[in-house]
Trainee: 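Following this message is one structure expressed as structure tokens.
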Amino acid sequence: TDCGISSICVRVVYSFPWKQFIIIRIYLQSHSHSLVVLFKCCTLGSMSRRGQEYVADHQIKKLFEAMMAGLLYTQPEDPIEYLQNCLQVVKESRPSSYPFNLFVGPRRRRKPPSRVPTEKVAGVTSPTKAHLPPLSSRSRMPSTPRDAEGKGLTPLPPINQKQQQEKGDIGSKIEAIRASNPENRMAKHFDVAYYNTLGDDDKAALVQCCRSGLDNHDSSMGCYAMQPADYDRFKPFFSKVIADYHGVDIDATHTNNWDLTGVEGLPEDGKLDLTALGLPDLSMRVRVGRNLSDFPLPGAMNQQDRINLEKKMCEAFEKLVAMPEYGGRYNSLTPDHPDHISEDEYKQLVKDHIMFKDMAADPYLLSAGIASDWPYGRGCYVSEDRGFVIWVGEEDHLRIMCMKKGSVLNEVFDRLKTALDVVSSIDGLDFAMSSDYGVVTSCPTNLGTGMRASVHIPLPKLTSDGTDAKAKAVCKPLGLSVRGIGGEHTPIGEGGICDISPRARFCITEAEIICALYKGIKLLKEKEDASDESGDDG
């Protein structure tokens, strides 16, 4: 029929078991009447286990969300033909994942409903059908209004006019989040009175820092810094969030120190040897997050910022490649980059736990703007022996890490410190630091040292039920965090292998973190040995 879409309202709910439906209301106007179409996705909870596994394995939910996002953004005259074209593109290109903006392309200019008198504008024509952008160009399209600035691109429209409304009702929105999700630290510590003292620019900047928690009410942190100076600029807000998460006083300050001398828990010989604890060689990894002081933090970067940062880092990587103790190469995901790698090469690096995954599937990073412009400005440097890696363009500008299978924690700790000194000594690379908070990172959870030290340790007794629940219960009072071997929200490995690391990052030195890992492993090994398969601890 000769009809036009007069209004579209979409609510896309991502990822979480209790957020299990998508409702799309489409008003179709045709002459003198309208048709309301209601789509409701069946919940995973209503499916059989086999059905749930099938949907998850084939990423059906993500594909559906991507198609709906493209449909509602493009608003083609023939939505069925558009969806068929989407499926044809997927069939031909076989992408490895379905980010929500996979099919988002240039917005078409729609004809008005035929029953509404209009005047034609000279030089403007309405296309007969929408055209899907090629997959290779999908990351060029902005996903937020901020990404479109200065690019001559049209941003995605705000859903339900949310961003316009927030300026007037930020207080009521914060109160609603506090009531429904009291663990959301952003909402818990957001002071509307303080917010109202800020100028318009600072208000907008603070809201952008809080965007992740405003969009994702179940977030436990709910905020990211957007600029290196934000922790000091918005100290009345961030100091409370930092104190709450890290368990420190609100006026606490941080000191960085890599010197192991005199650190509590260090063996007399200064050697953090796991074989002394009765453990075999384990996979050991120590990493730090770093951001360059002359760029916005990832959440506030546009595509060109990301490309420029990668270009700057490649000059540094050339120096590392030329050094015999490092060598290796840089692997870029940026299209047309001289060091660009193929999709198969990228997948292999992810499989080898060397490269990070596409961040578009993470709703928190999406809302914060950190996942924008994928894959531009993303890549990783890998040394010749694959023991030293630098990620570019993830949650922080850089994630610098050393890894090794062995038994002496000092080896990865010392190599990381040496490599970090080499990188930081390269002309033009200045890392963002705060006099009060130490190393500046996007997320307040990593502030201070930006360090995470971990081992993959087998805990067959504490994981005999197939989960890490008992291991987490044992590790929590020891100050340890437990993850799957693939990172957060991933399953434990074969034989009950878990990723164990100290939780503390702030108001603790780098040397104290590595010693805390050793001490924690010792106590955890004792708990594992004393535990029977029923889960009782001795």
Trainee: Classify the ring geometry of Tyr381 against Phe388: parallel below 30°, tilted from 30° to 60°, perpendicular beyond 60°.
Mentor: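 Rings of Tyr381 and Phe388: perpendicular, over 60°.
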Trainee: Distance-only, no hydrogens or angles: does the Asn308 side chain make a donor-acceptor pair with backbone N or O of Asp305 under 3.5 Å?
Mentor: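 No, the answer is negative, given that no donor and acceptor are paired below the 3.5 Å cut-off.
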Trainee: Short question: side chain of Asp468, backbone of Gly484 - any donor-acceptor pair under 3.5 Å?
Mentor: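 No, Asp468 side chain to Gly484 backbone: no donor-acceptor pair under 3.5 Å.
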Trainee: Kindly indicate whether the side chain of Val439, heavy atoms from C-beta on, has any atom under 4.5 Å from the side chain of Phe431.
Mentor: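 A side-chain contact is absent here, since even the closest heavy-atom pair is not under 4.5 Å.
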Trainee: State whether the side chain of Lys470 and the backbone N or O of Ser464 hold a donor-acceptor pair below 3.5 Å, judged by distance alone.
Mentor: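 Checking the backbone N and O of Ser464 against the side chain of Lys470, no donor-acceptor pair under 3.5 Å is found.
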Trainee: Looking only at heavy atoms, which two atoms of Ile177 and Gly213 are closest? And how far apart?
Mentor: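 Nearest pair, atom of Ile177 first, then Gly213: CD1-O, 3.9 Å.
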Trainee: Salt-bridge test for Glu310 and Arg306: reply yes if a basic N is under 4.0 Å from a carboxylate O, no otherwise.
Mentor: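 Judged by the 4.0 Å cut-off on N to carboxylate O distance, Glu310 and Arg306 do not form a salt bridge.
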Trainee: More than 12 foreign heavy atoms under 6.0 Å from CG of Asp251: is that the case here?
Mentor: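 For Asp251, atom CG is crowded (more than 12 foreign heavy atoms under 6.0 Å).
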Trainee: Using the test side chain to side chain contact (heavy atoms under 4.5 Å, CB included), find all partners of Pro458 that sit at least two apart in sequence or belong to another chain.
Mentor: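 Partners of Pro458 by the side chain to side chain contact (heavy atoms under 4.5 Å, CB included) criterion, ordered by chain and then number, come out as Leu282, Pro460, Ile497.
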Trainee: Using only atom types and a distance under 3.5 Å, with no angle test, would you say the side chain of His337 pairs donor to acceptor with the backbone of Gly377?
Mentor: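 No, because the side chain of His337 does not come within donor-acceptor range (under 3.5 Å) of the backbone of Gly377.
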Trainee: With salt bridge (charged side-chain N to carboxylate O under 4.0 Å, His left out) as the test, would you mind laying out the steps for Lys311 and Glu315 before giving the verdict?
Mentor: CA-CA 7 Å; Lys311 182 179 179 181; Glu315 296 174 4; over 6 Å; no
Trainee: Is there a donor-acceptor pair under 3.5 Å between the side chain of Arg178 and the backbone N or O of His189?
Mentor: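 Not confirmed, Arg178 side chain does not pair with His189 backbone.
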Trainee: Please find the pair of heavy atoms, one from Ala453 and one from Val286, that lie closest to each other, and give the distance.
Mentor: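 The pair with the smallest heavy-atom distance is CB-CG2, 4.0 Å.
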Trainee: Which pairs with one or both residues in residues 472-482 pass side-chain hydrogen bond (donor to acceptor under 3.5 Å, both in side chains), sequence neighbours excluded?
Mentor: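 As it turns out, there is no side-chain hydrogen bond (donor to acceptor under 3.5 Å, both in side chains) pair with a partner in residues 472-482 once direct neighbours are skipped.
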Trainee: Answer yes or no: is there a donor N or O on one side and an acceptor on the other, between the side chain of Ser172 and the main chain of Asp169, under 3.5 Å?
Mentor: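 Yes, Ser172 side chain to Asp169 backbone: donor-acceptor pair under 3.5 Å.
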Trainee: What I'd like to find out is whether the side chain of Val422 reaches to under 4.5 Å of the side chain of Glu325, using heavy atoms alone.
Mentor: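 SC-SC contact between Val422 and Glu325 ruled out.
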Trainee: Okay, side chain of Asn331, backbone of Cys380: is any donor-acceptor separation there less than 3.5 Å?
Mentor: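 Yes, the answer is positive, given that a donor and an acceptor are paired below the 3.5 Å cut-off.
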Trainee: Just say parallel, tilted or perpendicular for the rings of Phe190 and Tyr195, cut-offs at 30° and 60°.
Mentor: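 Rings of Phe190 and Tyr195: tilted, as their planes differ by 30° to 60°.
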Trainee: Please evaluate residues Lys357 and Asp362 with respect to the criterion salt bridge (charged side-chain N to carboxylate O under 4.0 Å, His left out), reporting the C-alpha separation (whole Å), side-chain torsions for both, the decisive distance (0.1 Å), and the verdict.
Mentor: CA-CA 10 Å; Lys357 298 179 182 178; Asp362 188 318; over 6 Å; no
Trainee: I would like to know whether Arg211 and Met226 meet side-chain contact (heavy atoms from CB on, under 4.5 Å); could you show each step before the answer?
Mentor: CA-CA 10 Å; Arg211 172 63 53 202; Met226 295 289 122; over 6 Å; no
Trainee: Side chain of His456, backbone of Ser283: donor and acceptor closer than 3.5 Å?
Mentor: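 Checking the backbone N and O of Ser283 against the side chain of His456, no donor-acceptor pair under 3.5 Å is found.
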Trainee: What is the minimum heavy-atom distance between Tyr231 and Cys443, and which atoms define it?
Mentor: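 Taking every non-hydrogen atom into account, OH-C, 3.5 Å.
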Trainee: So which of Val440, Asp430, Leu429 actually passes side-chain contact (heavy atoms from CB on, under 4.5 Å) with Ser293?
Mentor: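 For Ser293, the side-chain contact (heavy atoms from CB on, under 4.5 Å) check succeeds only for Asp430.
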Trainee: Can you check side-chain contact (heavy atoms from CB on, under 4.5 Å) on Asp358 and Val350, steps first, answer last?
Mentor: CA-CA 10 Å; Asp358 183 345; Val350 172; over 6 Å; no
Trainee: What pairs meet the side-chain hydrogen bond (donor to acceptor under 3.5 Å, both in side chains) rule with one or both residues in residues 414-423, with sequence neighbours excluded?
Mentor: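 Every side-chain hydrogen bond (donor to acceptor under 3.5 Å, both in side chains) pair that includes a residue of residues 414-423, provided the two are not neighbours, is Asp385-Arg415, Lys417-Asp421.
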Trainee: Do Leu398 and Val288 make a side-chain contact, defined as non-hydrogen atoms from C-beta onward lying under 4.5 Å apart?
Mentor: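 Of all side-chain heavy-atom pairs linking Val288 with Leu398, none is under 4.5 Å.
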Trainee: Can you name the nearest heavy-atom pair linking Ser407 to Met284, along with the distance?
Mentor: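 Closest heavy-atom pair between Ser407 and Met284: N-CE, 3.9 Å.
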Trainee: Closest heavy-atom contact between Gly222 and Asn184?
Mentor: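 Heavy atoms of Gly222 and Asn184 come nearest at CA-OD1, 4.2 Å.
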Trainee: Looking at Tyr245, I'd like to know if the NZ or CZ of Arg503 sits under 6.0 Å from its six-membered ring centre while staying within 45 degrees of the ring's axis.
Mentor: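 Yes.
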Trainee: Going by side chain to side chain contact (heavy atoms under 4.5 Å, CB included), name the residues that satisfy it together with Ser180, two or more places apart in sequence or in a different chain.
Mentor: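 Result, side chain to side chain contact (heavy atoms under 4.5 Å, CB included) vs Ser180: His217.
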Trainee: Can you name the one residue among Arg285, Arg483, Arg452 that meets side-chain hydrogen bond (donor to acceptor under 3.5 Å, both in side chains) with Asp499?
Mentor: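 In the set Arg285, Arg483, Arg452, the residue that makes a side-chain hydrogen bond (donor to acceptor under 3.5 Å, both in side chains) with Asp499 is Arg452.
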Trainee: Any carboxylate oxygen within less than 4.0 angstrom of a Lys/Arg side-chain nitrogen, looking at Asp244 and Lys240?
Mentor: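 Salt bridge between Asp244 and Lys240, a charged N being under 4.0 Å from a carboxylate O: no.
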Trainee: Ignoring hydrogens and geometry, is there a side-chain-to-backbone donor-acceptor pair from Arg505 to Met451 under 3.5 Å?
Mentor: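 Confirmed, Arg505 side chain pairs with Met451 backbone.
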Trainee: Below 4.5 Å, heavy atoms only, C-beta onward: do Ser383 and Leu320 meet side chain to side chain?
Mentor: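 Not in contact.
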Trainee: Report yes if the side chains of Phe356 and Arg399 come closer than 4.5 Å at any heavy-atom pair, otherwise no.
Mentor: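 No - every pair of side-chain heavy atoms lies 4.5 Å or more apart.
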Trainee: So does Leu198 get a backbone contact from the side chain of Asp202, meaning a donor-acceptor N/O pair under 3.5 Å?
Mentor: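 Side chain of Asp202 to backbone of Leu198: no pair is present.
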Trainee: Of Leu409, Val455, Leu266, which meets side-chain contact (heavy atoms from CB on, under 4.5 Å) against Tyr518?
Mentor: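 So the option named by the test is Leu409.
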Trainee: Might you work through the ring-ring contact (aromatic ring centres under 6.0 Å, His included) test for Phe237 and Tyr194, ending with a clear yes or no?
Mentor: CA-CA 8 Å; Phe237 165 71; Tyr194 164 67; 7.9 Å; no
Trainee: Test side chain to side chain donor-acceptor pair (under 3.5 Å) on Asp215 and Ser367; report intermediate values, then the result.
Mentor: CA-CA 7 Å; Asp215 288 353; Ser367 294; 3.2 Å; yes
Trainee: With heavy-atom distances below 4.5 Å as the criterion, would you say the side chains of Leu297 and Tyr224 are in contact?
Mentor: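 Not touching, per the 4.5 Å side-chain cut-off.
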Trainee: Under the rule for side chain to side chain contact (heavy atoms under 4.5 Å, CB included), what residues qualify as partners of Lys235, not counting sequence neighbours?
Mentor: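 Listed in chain order: Ser239, Asp436, Tyr437.
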Trainee: Do Met301 and Tyr376 have side-chain heavy atoms sitting under 4.5 Å apart?
Mentor: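 Met301 vs Tyr376: side chains apart.
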Trainee: Tell me if the NZ atom of Lys312 is crowded by more than 12 foreign heavy atoms within 6.0 Å.
Mentor: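 Enclosed.
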Trainee: What verdict does the side-chain contact (heavy atoms from CB on, under 4.5 Å) test give for Asn196 and Lys203, after you've listed the backbone C-alpha separation in whole Å, the side-chain angles of each residue and the deciding distance to 0.1 Å?
Mentor: CA-CA 8 Å; Asn196 287 332; Lys203 283 181 178 178; 4.2 Å; yes
Trainee: Met313 vs His397, test: side-chain contact (heavy atoms from CB on, under 4.5 Å). Steps then yes/no.
Mentor: CA-CA 10 Å; Met313 287 308 305; His397 293 160; over 6 Å; no
Trainee: For residues 507-517, tabulate all N or O donor-acceptor pairs below 3.5 Å that involve a side-chain atom, not counting sequence neighbours.
Mentor:
unit_1: Thr509; atom_1: OG1; unit_2: Glu512; atom_2: N; d: 3.1
unit_1: Thr509; atom_1: OG1; unit_2: Glu512; atom_2: OE1; d: 3.4
unit_1: Glu510; atom_1: OE1; unit_2: Asn257; atom_2: N; d: 2.9
unit_1: Glu510; atom_1: OE2; unit_2: Asn256; atom_2: ND2; d: 2.8
unit_1: Glu512; atom_1: OE1; unit_2: Thr509; atom_2: N; d: 2.9

Trainee: Between Asn181 and Asp218, do the side chains contain a donor N or O and an acceptor N or O under 3.5 Å apart?
Mentor: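 No pair is found: no donor N or O on one side chain lies under 3.5 Å from an acceptor on the other.
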Trainee: Minimum heavy-atom separation for Ala193 to Asp191, with atom names?
Mentor: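 Heavy-atom minimum between the residues: N-OD1, 2.9 Å.
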Trainee: With the side chain counted from C-beta on, respond yes when Val241 and Met186 share a heavy-atom pair under 4.5 Å apart, and no when they do not.
Mentor: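 The answer is no; the side chains never approach within 4.5 Å.
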